[in-house]
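Report on one structure; see the data block that follows.
So that the names make sense, note that chain A is the first sequence line, chain B the second, and so on, each numbered from 1. Please read all numbers here as calculations on a predicted model, not as lab measurements. Hydrogens, waters and symmetry mates are skipped; everything else that's a heavy atom, side chains included, is used.
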Amino acid sequence: MPGRTGVAAVSAWLYVPAGRRCVVGAVPPVELRVGNTGTDDVWFPGVLDGSETASRFPIYRPAVLGATDEVVAEPPAPEDGLVGPLRRTDFHRLRPGETFDPTSRGRFLPLSTFATFTPAVPGTYRYRLLIDTTAEDPGAWLGKFGQQAYTDEVLPLLAGVPRVRFVTALDVDVGPAAPGTGS
Amino acid sequence: MLGVSDPTIVTSGMFDRFEDAQDYQEEVAALGNGASTSAPAPAEAEAEVPPQPAPPRPERIQAPFPRPLRTRAVRGRYRGASGNWRLELRVDVDGERPTRRVSGDFFSTSGSTTGYFGSFVVHAPTITTKPAHVLIEGTGSFTWRAAAPKIRLRIPRVPAHQPQRPATLEFRTASDTAGSAYQCTYESRYFRTVSYEEDSVTGTVPFVSYDTASLPQPAGSPARVLTVPKALAEAGIELLTTGAANVIPTSAAGANATWSDSELHAAMVNHFSRFTNAPRWQVWMLVAGAHDGGYRGIMFDYEDAFQRQGAAVFYDAIKGTDAASRRSQLRTYVHELGHAFNLMHSWQKDLAVPPAPLGPNGGLADLSWMNYDWKYQQSPSGPGGASAYWASFPFQFTENELVHLRHGYYRNVIMGANAFSSGAADIDPDLFDDPVQDASGLALELRSPKPAFAFGEPVVVELKLSGTELRDRETHGYLHPNDDLVSVAVQQPSGRTRLFRPLLRHCVDTARTVTLGVGRPALYESAYLGFGRDGFLFETPGTYRIRASYVAGDGSRVLSPVLRLRVRPPATGADEIVGELLLGEEQGQLLALLGSDAATLRGGMTAIDTLVDEHPDHPLAVYGRLAKGINELRDFKELTADKTLRVRPAHGAEAAQLLARVVEDSVADTVGVDNITLNMALRAKARAEAKAGDLGRAVDTTRDMVRMFEGKHLNPLVLDDIRAQAEATWQEIGADDGENGHRSSEA
């Protein structure tokens, strides 16, 4: 388990991959990376069941704002609290300088708000993401079912997660639909 | 419960003749109009017919020329009994959304008590529809080791206006010997019936109904008015509203007026008129104001020993009288009740024990009551969100969810039995959740040491973990399923998929870091998968599909391709006898443990002795000798009933003799034990010879081991490992022997 004796720091950034365009009628290809900017190894969790609605830690709460800062997309009120267990595989080990995608398909959950928001009019949209790992109480992280089998293995990893709370944002210019797309 | 009695081989109390069914078949045949078909029975309209104790014979129809009869669907719930056994049978081969399965639950009566015994499902039966009856045949998956696992079910077809006549269910052994038989009377068109009590808190308004035509819906979804019971009825589940609808004062929610899960549970205990801490087909729904967590609803009973008895919806979060609000309310009610039936969220299916397959796009593309509308997404870059969900959602459960609701094993579905997420579904190795992107730099492979296994033969597979890049890749070396970081799923010939759960799990508490690369391209491990905590996995002849998942040091999950292997049926009488000697519960444990002196496993050890003594030349005797040989090599410690530690010393000479025969019988590649086990047996033989005082022979054995594997033309790096193992074994033997003052001067 990585210790926390060094400087543990993480940063996160949203971006649109080079060469990709954002147009009306299509989901903007906004992606996320989290990086270790400290001097020590850290364990960092990806987007889990309940993260997006802030029903459990880690919190990854997204929102999309329109031209006048009005919220045009955000997760609804949480449906229910039956979030799955926190497991060892929910953590990614980051060495200093390394980055990872906490929405990586097959391992973590996507941020559905970003993954399904389709702008209807051209303009600049602000993609905003709150990342919060500050809860010290394991109960705020653990799942509501099936957790017992994993608790012993995740508690040491939880101790190695840097406690951070910050917002990262990206302004995305959405252009008109390409001719012939019908959008 | 297991092994003492078996409702598939009842020998007393069963009826001898199915006269009614036979006569009736003849009568209908007289009306007949065509040849047999092998297609499933068409989904025909079902007439609601009040139950009648003695269904009348059909009257002969005077028709000028033969014309097709409009017949009832045969689907539904039937009930039978034989001796002390009661059977609830579910037939799901026609009617609305048939899953083409048959399942049942057995109960045994003793005195005036009746208890649940076990369940079975036939996942892929052959369905033959004839003019007079539907014939369903197949091999079932059982919750116990059924002696007669094959079924033959005949259900009369009757005109639509007549009540369904009894079905006859016969069980047969794998070798087609008749087992027990049940005559089952038709009970209901529903597969399961659940009592439903709905209470509300003062100030809330319970949902009543939603007309699916109120808002645009997918073209294939018929317009209809859905209530909560109607939505479940479409899945084949009957919700019988019971008890008075109580109105609960808001004070029950505590001072803050919002509800916690524990407050909801307390309210259920106090207000659910049928509440009892026991498995029962009954569920309580509370319409409350608001939850502490701001939820729309919750199945709050997920913590104690009798879970899934109650759910709640929160009026403040879902209220509204417009069509969209009522549509969402319906979804929330049905969704939370789905949890009470042990259905998990669409993206959580792989978290069930055992894991279930995720639907497309990690489950997010499921058009199901169990998905969230806002999380719905057809594909990673496809359309999604609430509007896309409602544009496509036909107000139904997925096919896999239907299978669970209708045919899930009794304890996995009934409220108050298995914990939420336990036994929630089965798994499919082909759908074992492939990562969309795999940058782990690792590859996992499963290999079978032989093209097919004999009936009863212990199934051992080889696991190989290798690097996929030229650069070195660091990971951990825990490659055995016993080590908790490797999972293995096995799909059986019946179609059922089970997770291999090893008898013993090893704690992974040391680093054991390995670097895979040019210097060491791969790791190998041999794993006996034949018997685990859930019993035998490969006891039926047929083709099995196996897939493994390895969690690497950085958390990456590496999946193997699917390995197909075959278990042959017994070719001779001796094969069958020998196979049965190896397939006992205790023998399975002994093979997993490689022998034991434990008194509780004495019966199994006797069977293995019988195998070795009475069938010494049978190819499977090698496994008996292996288990006995390794056991003889041990100083076996046993804590007796009076708490005395008794040590049975190792028998080196006997162990060496048994293991020598194991080696002799395994020299050829496709007979005897696999190479990795052979390697282990050779080193054990050397230790046994050393214990017997023959150090020279022991050293020869280690040298023979190297020569033998050199002759098998293995990878040079693997051969290097084997040479190192031989050297280590020699040193171990030398050290042991050195303590006795006669260290060998050889080698």
Tell me, with the steps shown, if Trp374(B) and Thr53(A) meet side-chain contact (heavy atoms from CB on, under 4.5 Å). CA-CA 11 Å; Trp374(B) 65 277; Thr53(A) 52; 3.5 Å; yes

Check whether more than 12 heavy atoms from other residues, nucleotides or ligands sit under 6.0 Å from atom CZ of Arg327(B), and answer yes or no. yes

Compare every heavy atom of Asp80(A) with every heavy atom of Ile298(B), then report the nearest pair and how far apart it is. CA-CB, 3.9 Å

Between Val83(A) and His345(B), is a side-chain contact (heavy atoms from CB on, under 4.5 Å) present by the stated rule, with each step listed? CA-CA 9 Å; Val83(A) 297; His345(B) 291 134; over 6 Å; no

Which pair of non-hydrogen atoms, one from Leu364(B) and one from Pro110(A), has the smallest distance, and what is that distance? CD1-CG, 3.4 Å

Taking side chain as everything from C-beta outward and backbone as N, CA, C, O, which of these in Tyr376(B) sits under 4.5 Å from a heavy atom of chain A? Side chain, backbone, both or neither. backbone

How long is the gap from CG on Asp373(B) to CD on Glu79(A), to the nearest 0.5 Å? 7.0 Å

Leu109(A) portion near chain B, given a 4.5 angstrom heavy-atom threshold: side chain

Count the heavy-atom pairs under 4.5 Å between each of Pro85(A), Ala77(A), Ser55(A) and chain B, then report the option with the highest count. Pro85(A)

Tell me, side chain or backbone of Ile318(B) under 4.5 Å from chain A's heavy atoms, or both, or neither? neither

Please state whether the side chain, the backbone, both or neither of Arg56(A) comes within less than 4.5 Å of a heavy atom of chain B. neither

Please report the interatomic distance CD(Glu52(A)) to OH(Tyr372(B)), rounded to the nearest 0.5 Å. 11.5 Å

Calculate, to the nearest 0.5 Å, the distance between atoms CZ and NZ belonging to Phe300(B) and Lys144(A) respectively. 14.0 Å

Counting heavy-atom pairs under 4.5 angstrom with chain B, the leader among Val27(A), Thr118(A), Asp49(A) is Asp49(A)

Between chain B and each of Gly143(A), Gly146(A), Gly81(A), Gly84(A), count heavy-atom pairs under 4.5 Å; write down the option with the most. Gly81(A)

Which one, His339(B), Met299(B), Gln307(B), leads in non-hydrogen pairs under 4.5 Å with chain A? His339(B)

Between OH on residue Tyr295(B) and CG on residue Leu82(A), distance to nearest 0.5 Å: 8.5 Å

Between His291(B) and chain A, which part of the residue has a heavy atom less than 4.5 Å away: side chain, backbone, both or neither? neither

